[in-house]
Amino acid sequence: MGRIHHRDGGVIYRPATPYDTRPTTWQCHAFFSIDEFGPFAVKMKGGRSLVGPGVEPVVPQWQKSKGCLIMTAALELSTNQVTHFYSKKKNTAEMIKLMDILVNQYSSQKQIFLSWDAASWHISKELNLHIERHNSENVSNGLPRVLTAPLPSGAQFLNVIESVFSGMARAIIHNSDYSSADDAKTAIDRYFSERNAKFMQSPSRAGKKIWGCERELPIFSPSGHFKDPLYR
């Protein structure tokens with residue numbers, strides 16, 4: 001077991017890694033790191049760029065937004081696959097939607113674990129009731145049982161998917177100038193499609209390899225800091 005020192009001085013005992021919550025037959029189980037990216041405005045963004053001598057890129061301080069996006073996503077740690085969609089708000093309804101998508105997408109698994117930070121919509125009574133209802137009504141029909149493995153309060157930086165978000169932002173959000181929100185969505189969809197295809201062709205658990213511009217290994221560590229302030 002690993003220890004996480006809470007900011008109030010207490011010590012929370014948690015598994016050394018998310019895999020420790022799973023039986024040795026991990027092939028029958030799926031573990032998801034879940035979070036939202038955004039909201040962020042679609043407009044010209046600053047960032048590193050290759051320019052000629054004497055050229056200084058300029059990003060206007062005042063710009064009219066071309067749209068606003070929130071992306072809800074889950075990273076499955078044993079296969080390194082990302083499931084994502086776009087949301088209008090961060091709320092319980094979007095978490096229920098994501099859970100239902102994952103249950104159907106990974107219907108061959110016996111159990112799925114959902115890990116997220118302590119945001120109110122991640123630990124709401126409505127969400128917990130939905131999980132309990134699913135487990136009591138649908139598991140007997142062959143669908144996986146849903147269990148949660150929440151992170152402690154104030155520990156968003158331990159969320160493994162933050163590393164993937166930082167890599168995505170560095171690669172296609174920063175130093176961009178998309179003409180519309182739809183163009184930004186197309187770029188994000190292509191990024192995750194290529195990332196998923198890479199790890200589908202060369203299977204690897206999250207943490208064994210870094211893809212693209214991800215600066216941290218996407219593997220849980222009590223001492224890890226996955227939320228890159230420069231690319232988030």
Side-chain angles (χ1 to χ4, degrees), residues 32-76 80-102 105 114 116-122 124 127 156-157 159-200 206 210-216 218 225-232:
F32 297 93
S33 173
I34 295 171
D35 204 3
E36 300 87 5
F37 181 86
F40 69 95
V42 179
K43 56 185 180 181
M44 183 182 290
K45 302 282 189 179
R48 290 184 176 182
S49 58
L50 182 64
V51 299
V55 178
E56 295 185 5
V58 176
V59 178
Q61 181 177 3
W62 306 107
Q63 301 181 55
K64 183 178 180 180
S65 174
K66 303 164 189 173
C68 184
L69 294 178
I70 298 174
M71 182 184 65
T72 302
L75 170 68
E76 205 292 300
N80 239 324
Q81 298 296 297
V82 175
T83 300
H84 76 285
F85 59 85
Y86 302 96
S87 305
K88 292 183 178 181
K89 296 181 179 180
K90 297 181 180 182
N91 56 29
T92 297
E94 297 304 293
M95 288 298 98
I96 290 175
K97 176 182 177 180
L98 178 60
M99 182 196 120
D100 291 343
I101 289 174
L102 296 177
Q105 187 175 353
L114 310 180
W116 39 42
D117 59 35
S120 60
W121 56 91
H122 293 165
S124 66
L127 177 58
Q156 298 94 330
F157 57 88
N159 204 346
V160 180
I161 199 172
E162 293 287 0
S163 174
V164 178
F165 285 164
S166 295
M168 180 203 68
R170 188 184 186 194
I172 62 172
I173 301 299
H174 290 252
N175 198 37
S176 67
D177 187 15
Y178 297 111
S179 60
S180 67
D182 286 339
D183 284 350
K185 287 181 180 179
T186 298
I188 293 171
D189 292 344
R190 182 173 62 248
Y191 179 88
F192 283 121
S193 176
E194 292 175 355
R195 186 186 189 281
N196 287 345
K198 165 66 177 178
F199 287 111
M200 187 70 72
I210 289 181
W211 188 87
C213 296
E214 295 167 16
R215 301 181 68 183
E216 299 289 338
H225 198 306
F226 302 101
K227 195 167 186 176
D228 187 342
L230 296 177
Y231 299 100
R232 185 68 167 89

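Everything numeric here is computed off the predicted structure, so don't read it as measured data.
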Worksheet item: Can any side-chain N or O of Lys90 pair as donor or acceptor with the backbone N or O of Gly38 at less than 3.5 Å?
Response: yes
Worksheet item: Just wondering, do Asn80 and Lys198 contact through their side chains at under 4.5 Å, heavy atoms?
Response: no
Worksheet item: Is there a side-chain contact between Phe85 and Lys97, using heavy atoms and a 4.5 Å cut-off?
Response: yes
Item to complete: Apply side chain to side chain donor-acceptor pair (under 3.5 Å) to Gln81 and list each qualifying residue two or more places apart in sequence or on a separate chain.
Response: none
Discussion item. Quick check: do Phe37 and Ile161 have side-chain heavy atoms less than 4.5 Å from each other?
Written reply: no
Worksheet item: How about Ile188 and Tyr86: do any of their side-chain heavy atoms sit closer than 4.5 Å?
Response: yes
Fill in: Smallest separation among heavy atoms of Ile172 and Ala187, with atom names
CD1-O, 3.5 Å
Worksheet item: Looking at CD of Glu162 and OG of Ser33, how far apart are the two atoms once the value is rounded to the nearest 0.5 Å?
Response: 8.0 Å
Worksheet item: Passes side chain to side chain donor-acceptor pair (under 3.5 Å), Ser87 versus Glu94? Steps please.
Response: CA-CA 7 Å; Ser87 305; Glu94 297 304 293; 2.7 Å; yes
Worksheet entry | Nearest atoms (heavy-atom pairs only) where Ala181 meets Gly67 | CB-CA, 4.3 Å
Item to complete: Kindly assign one of parallel, tilted or perpendicular to the pair Trp116 and His122, based on the angle between their ring planes and the thresholds 30° and 60°.
Response: parallel
Practice prompt. Would you please test Lys89 and Glu36 for side chain to side chain contact (heavy atoms under 4.5 Å, CB included) and show each step?
Written response: CA-CA 10 Å; Lys89 296 181 179 180; Glu36 300 87 5; over 6 Å; no
Worksheet entry | Partner set under side chain to side chain contact (heavy atoms under 4.5 Å, CB included) for Ala184, not counting sequence neighbours | Val42, Leu69, Tyr178
Fill in: Tyr191 and His84, any side-chain heavy atoms less than 4.5 Å apart
no
Worksheet entry | Separation of Leu102 CG from Thr83 OG1 (nearest 0.5 Å) | 5.5 Å
Discussion item. Quick check for you: to the nearest 0.5 Å, what is the distance between Thr72 atom OG1 and Lys88 atom NZ?
Written reply: 13.5 Å
Worksheet entry | Reference residue Asp177; test side-chain hydrogen bond (donor to acceptor under 3.5 Å, both in side chains); the match among Gln63, Lys66, Lys45 | Lys66
Worksheet item: Ile96 versus Met99: any side-chain heavy-atom pair under 4.5 Å?
Response: no
Discussion item. When you compare the side chain of Arg195 with that of Leu75, does any pair of heavy atoms fall below 4.5 Å?
Written reply: yes
Worksheet item: Quick one: CZ on Phe192 to CE on Met168, what's the gap to the nearest 0.5 Å?
Response: 5.0 Å
Worksheet item: Heavy atoms, side chains only, cut-off 4.5 Å: are Gln105 and Ile101 in contact?
Response: yes
Worksheet entry | Spacing of Ile173 atom CD1 and Ser166 atom OG [to the nearest 0.5 Å] | 12.0 Å
